[in-house]
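I have placed the structure first, in the form of structure tokens, so that the comments after it can refer back to it.
None of these values were measured; they are calculated from a predicted model.
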Amino acid sequence: MPFELGLTVAWDKLNPGTHSWFVMESQSRRVLKSLSDLAGTDVQIHNGNVNGVFRELANSLVRAERQPPVQEMQAIYRALQQRLPAIQRQAGGGSVYGARTFHELRLLARALAREQTST
């Protein structure tokens with residue numbers, strides 16, 4: 001999503017210190033072919049799998065106030081997967097990226113994360 005990444009980088013340049021961003025890619029060096037302007041940016045390589053994404057999120061959030069462990073992210077992911085069919089039915093089906101389904105998943109993920117931190 002080069003357009004969205006460009007907006008993120010521009011926001012960071014215009015509002016320093018108010019936003020953190022990082023780039024994830026499934027294959028090493030592939031991003032430099034399509035987005036050569038990112039030379040000098042550390043790209044987080046997740047190898048195209050869920051555990052890799054969680055690993056790289058944990059690495060990227062090392063300076064963040066909240067640093068969820070990979071096991072917590074995995075537990076939330078499993079709970080979301082389990083409840084996804086019901087959420088999609090309630091939203092009338094369609095893609096997980098449909099506005100209603102994505103909104104419900106986001107709210108559920110936030111609630112699950114709060115639950116994890118309170119235990």
Side-chain angles (χ1 to χ4, degrees):
M1 298 183 182
F3 177 73
E4 291 83 352
L5 180 58
L7 290 174
T8 300
V9 173
W11 178 266
D12 186 52
K13 298 281 185 204
L14 295 171
N15 303 280
T18 62
H19 187 76
S20 296
W21 61 276
F22 45 86
V23 178
M24 292 199 175
E25 173 61 80
S26 61
Q27 298 173 22
S28 182
R29 303 184 200 279
R30 183 170 73 170
V31 73
L32 297 177
K33 291 179 185 175
S34 57
L35 295 171
S36 60
D37 290 346
L38 285 178
T41 299
D42 291 332
V43 177
Q44 309 300 318
I45 306 302
H46 56 71
N47 303 111
N49 62 62
V50 173
N51 288 330
V53 169
F54 294 149
R55 177 192 66 238
E56 295 309 320
L57 276 172
N59 287 330
S60 297
L61 296 173
V62 74
R63 293 188 188 126
E65 184 176 319
R66 176 152 150 56
Q67 299 173 20
V70 170
Q71 295 79 7
E72 181 182 319
M73 290 186 268
Q74 290 170 330
I76 292 168
Y77 175 73
R78 284 191 299 272
L80 289 171
Q81 274 190 313
Q82 185 178 23
R83 298 190 37 200
L84 176 61
I87 290 171
Q88 283 181 299
R89 275 193 305 279
Q90 291 171 346
S95 166
V96 296
Y97 301 107
R100 174 70 186 267
T101 301
F102 192 80
H103 176 72
E104 294 297 325
L105 285 171
R106 187 178 58 80
L107 292 177
L108 177 57
R110 182 182 290 170
L112 291 167
R114 285 186 183 133
E115 226 174 76
Q116 291 281 330
T117 58
S118 66
T119 57

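- Residue Gln81 qualifies as enclosed at atom CD: its count of foreign heavy atoms under 6.0 Å is above 12.
- Cluster membership check: Leu84 shares its hydrophobic cluster with Leu112, using side-chain heavy-atom separations under 4.5 Å among Ile, Leu, Val, Met, Phe, Trp and Tyr.
- Under the 4.5 Å side-chain contact rule for hydrophobic residues, Tyr77 and Ile87 do not share a cluster.
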*For the pair Asn59 and Glu56, evaluate side chain to side chain contact (heavy atoms under 4.5 Å, CB included) and give the outcome as yes or no after the intermediate values.*
CA-CA 5 Å; Asn59 287 330; Glu56 295 309 320; 3.5 Å; yes
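- With respect to Glu115 and Arg110, no salt bridge is recorded, no charged nitrogen being found less than 4.0 Å from a carboxylate O.
- Among all heavy-atom pairs drawn from Gln67 and Val62, the shortest one is NE2-O, 2.7 Å.
- Taking each heavy atom of Gln116 and Ala75 in turn, the nearest pair found is NE2-CB, 3.9 Å.
- The two residues Val70 and Ala58 have their closest heavy-atom pair at CG2-CB, 3.9 Å.
- By the criterion of side-chain heavy atoms lying less than 4.5 angstrom apart, applied directly or through intervening Ile, Leu, Val, Met, Phe, Trp or Tyr residues, Phe54 is grouped together with Leu61 in one hydrophobic cluster.
- Hydrophobic clustering (ILVMFWY, side-chain heavy atoms < 4.5 Å, transitive): Leu107 and Leu80 are in distinct clusters.
- Counting only distance, with no hydrogens or angles, the side chain of Asp12 and the backbone of Thr8 share no donor-acceptor pair below 3.5 Å.
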Per-pair distances, 0.1 Å, donor-acceptor, side chain in residues 97-106, under 3.5 Å, sequence neighbours excluded:
{"from": "Arg100", "atom 1": "NE", "to": "Glu104", "atom 2": "OE2", "distance (Å)": "3.3"}
{"from": "His103", "atom 1": "ND1", "to": "Arg106", "atom 2": "NH2", "distance (Å)": "3.2"}

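- Side-chain contact check for Thr117 versus Glu72: some heavy-atom pair is nearer than 4.5 Å.
- Counting only heavy atoms from C-beta outward, the side chains of Pro69 and Met73 never approach each other to under 4.5 Å.
- Using modelled atom types, one side-chain atom of Asn49 and one backbone atom of Gly52 make a donor-acceptor pair closer than 3.5 Å.
- Here the side chains of Gln74 and Val50 are not in contact, with every heavy-atom distance at 4.5 Å or above.
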